[in-house]
Number of protein chains: 2
Amino acid sequence: MSDSNSSAHHLSLLLYSSSRLLIQQFQIRLNELNLTYPQYLVMSVLWEEDGLLVNKIGQKLHLDSGTLTPLLKKLESMNFVKRNRSESDERTVAIQLTYPGKSLQVKVLELLKPLEENFSEIENPELSTLNHSIKSLLERIESSKNRN
Amino acid sequence: MSDSNSSAHHLSLLLYSSSRLLIQQFQIRLNELNLTYPQYLVMSVLWEEDGLLVNKIGQKLHLDSGTLTPLLKKLESMNFVKRNRSESDERTVAIQLTYPGKSLQVKVLELLKPLEENFSEIENPELSTLNHSIKSLLERIESSKNRN
DNA sequence: TCAATTTAAATTGTATCAAATCTAATCATC
DNA sequence: GATGATTAGATTTGATACAATTTAAATTGA
């Protein structure tokens, strides 16, 4: 399978494997707060900018309402967010952090510190090259999506 | 979230997003054969080496029996593989390709050709750097797993 | 205006994933 | 050779992913 015609196959397998393994490392630590990795991602997005529409969260994480609606309901049941249908446009739902939701950020950062420290061992140039390459790959995939 | 202390967060999000997007590109094409991406991966592993134990497939794809058992039963119901409990060690199950399972390879390769051709546009050095970086990242994660 | 289209979420159904537990078989070692 | 530990798969459970459909609201254009 290392033909000249399997670069995409090879890369997809590497991305598939490495993302799941890295997410597992996050998950192990997040378990202490009963948070899943996707829930943590949504909270991270909201810590950056509170009050986002479901739509907007989906764009940032490349997830649709089929995934987000139940996840956000779960976060609401855990009292980390509130879901409010906007008055100006009744189709949309804005997600607001609650006080416990805001407070969670410090705990999560503390919890994930060891993981981040492990990563700081990797030489910074290498890491930023990797980030850059994956980001440009991601853009490439997205733009090719629109062509098909 | 672009602090000095969020490299792992940032990288995990990139891997999470890009892997799902790339897999979607595969999935779109695989739909024609009613194959899912994980099913395709398992078939790929078997096309490389037939008769592997469930265990061995799991090692290659970083998946456990909780994922593989139902997936392999599905592939068996589609008549692409046969699951045989080994006589020498009754705990293990060897997975054999059927004739339709072997024949499927050519169809899949043909189906995925356009995707592979898209990828060949990316400069080869860049792609091989990316592959190499992710692979070393993957090894890093795996070795750190054993330390924790 | 108002019917047709578009949009945002929610819902439904199928297929993963992974942790935890269970069962049966094998191994180790005395 | 009995027995405690280990191993391979299977099963169970909870939480995603995502395509497809539905519903309600907003927008558009003749």
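Note on naming: letters A, B, ... go to the chains in the order of the sequence lines (proteins, then strands), and numbering restarts at 1 for each one.
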Euclidean distance, atom [atom1] of residue [X] to atom [atom2] of [N] [Å, nearest integer]:
X       : N      : atom1 : atom2 : result
B/Leu53 : C/dA25 : CG    : C1'   : 14 Å
B/Leu68 : C/dA15 : CG    : C1'   : 13 Å
A/Phe26 : C/dC17 : CZ    : C1'   : 18 Å
B/His62 : C/dA19 : NE2   : P     : 14 Å
B/Gln39 : C/dC17 : CD    : C1'   : 14 Å
B/Ile23 : C/dC17 : CD1   : P     : 7 Å

| Is a donor on one side and an acceptor on the other found under 3.5 Å between the side chain of B/Ser12 and the backbone of A/Leu22? |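 No: the side chain of B/Ser12 does not pair with the backbone of A/Leu22.
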| Is a donor on one side and an acceptor on the other found under 3.5 Å between the side chain of A/Thr69 and the backbone of A/Gly66? |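 No, A/Thr69 side chain to A/Gly66 backbone: no donor-acceptor pair under 3.5 Å.
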Identify whether any heavy atom of [X] sits under 4.0 Å from a base atom; if not, whether one sits that close to sugar-phosphate; answer base, sugar-phosphate or nothing.
X       : result
B/Gln27 : nothing
A/Thr36 : sugar-phosphate
B/Thr92 : sugar-phosphate

Contacts of [X] that satisfy salt bridge (Lys or Arg N to Asp or Glu O under 4.0 Å) - sequence neighbours left out:
X        : value
A/Asp89  : A/Arg91
A/Lys113 : A/Glu110
B/Arg83  : B/Glu76
B/Glu32  : none

With a 3.5 Å cut-off and sequence neighbours excluded, list the donor-acceptor pairs that the side chains of residues 50-63 of chain B form with protein atoms.
| residue | atom | partner | partner atom | Å |
| --- | --- | --- | --- | --- |
| B/Asp50 | OD1 | B/Leu97 | N | 2.9 |
| B/His62 | ND1 | B/Glu142 | OE2 | 3.4 |

| said: Return whichever of A/Tyr37 or B/Thr69 has its heavy-atom-nearest nucleotide of DNA chain D closer to the 5' end. | reply: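 Result of the comparison: B/Thr69.
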| said: On DNA chain D, does the nearest nucleotide to A/Arg91 precede the nearest nucleotide to B/Tyr16 from the 5' side, or the other way round? Give the residue. | reply: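 Its nearest nucleotide lies further toward 5', so the answer is B/Tyr16.
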| said: Can you work out whether A/Arg20 or A/Thr67 has the more 5'-proximal nearest nucleotide on DNA chain C? | reply: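 Residue closer to the 5' terminus by nearest nucleotide: A/Thr67.
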| query | Nearest nucleotide by nearest heavy atom, which residue falls closer to the 5' end of DNA chain C, B/Pro38 or A/Val93? | reply |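 Mapping each residue to its closest nucleotide by heavy atoms, the 5'-most match is A/Val93.
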| task | Heavy atoms of chain A, cut-off under 4.0 Å: which first and last nucleotide of DNA chain D, 5' to 3', fall inside that, if you could look? | result |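 Using the under 4.0 Å cut-off, the span is D/dA15 to D/dA26.
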Listed by chain and number, what are the side chain to side chain donor-acceptor pair (under 3.5 Å) partners of [X], not counting sequence neighbours?
X       : result
A/Ser86 : A/Thr92
A/Thr67 : none
A/Ser19 : B/Ser19

| query | Got a sec? Which of residues 71-90 of chain B come in under 4.0 Å of DNA chain D, heavy atoms? | reply |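 Those residues are B/Lys73, B/Arg83, B/Arg85.
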| request: Please list, by residue number, the residues of residues 54-61 of chain A whose heavy atoms come closer than 4.0 Å to an atom of DNA chain D; answer none if no residue qualifies. | output: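 The stretch gives none, as no residue of it lies under 4.0 Å from the strand.
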| said: If the cut-off is 4.0 Å, is A/Gln24 near the phosphate of C/dA18, judged by side-chain N/O to OP1 or OP2? | reply: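 A/Gln24 to C/dA18 OP1/OP2: side-chain N or O found under 4.0 Å.
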| said: So A/Leu11 and B/Ile134, do their side chains get closer than 4.5 Å, heavy atoms only? | reply: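 B/Ile134 reaches A/Leu11 side chain to side chain.
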| field | Sequence-distant partners of A/Phe26, ring-ring contact (aromatic ring centres under 6.0 Å, His included), two or more places apart | value |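 Result, ring-ring contact (aromatic ring centres under 6.0 Å, His included) vs A/Phe26: A/Tyr37, A/Tyr40.
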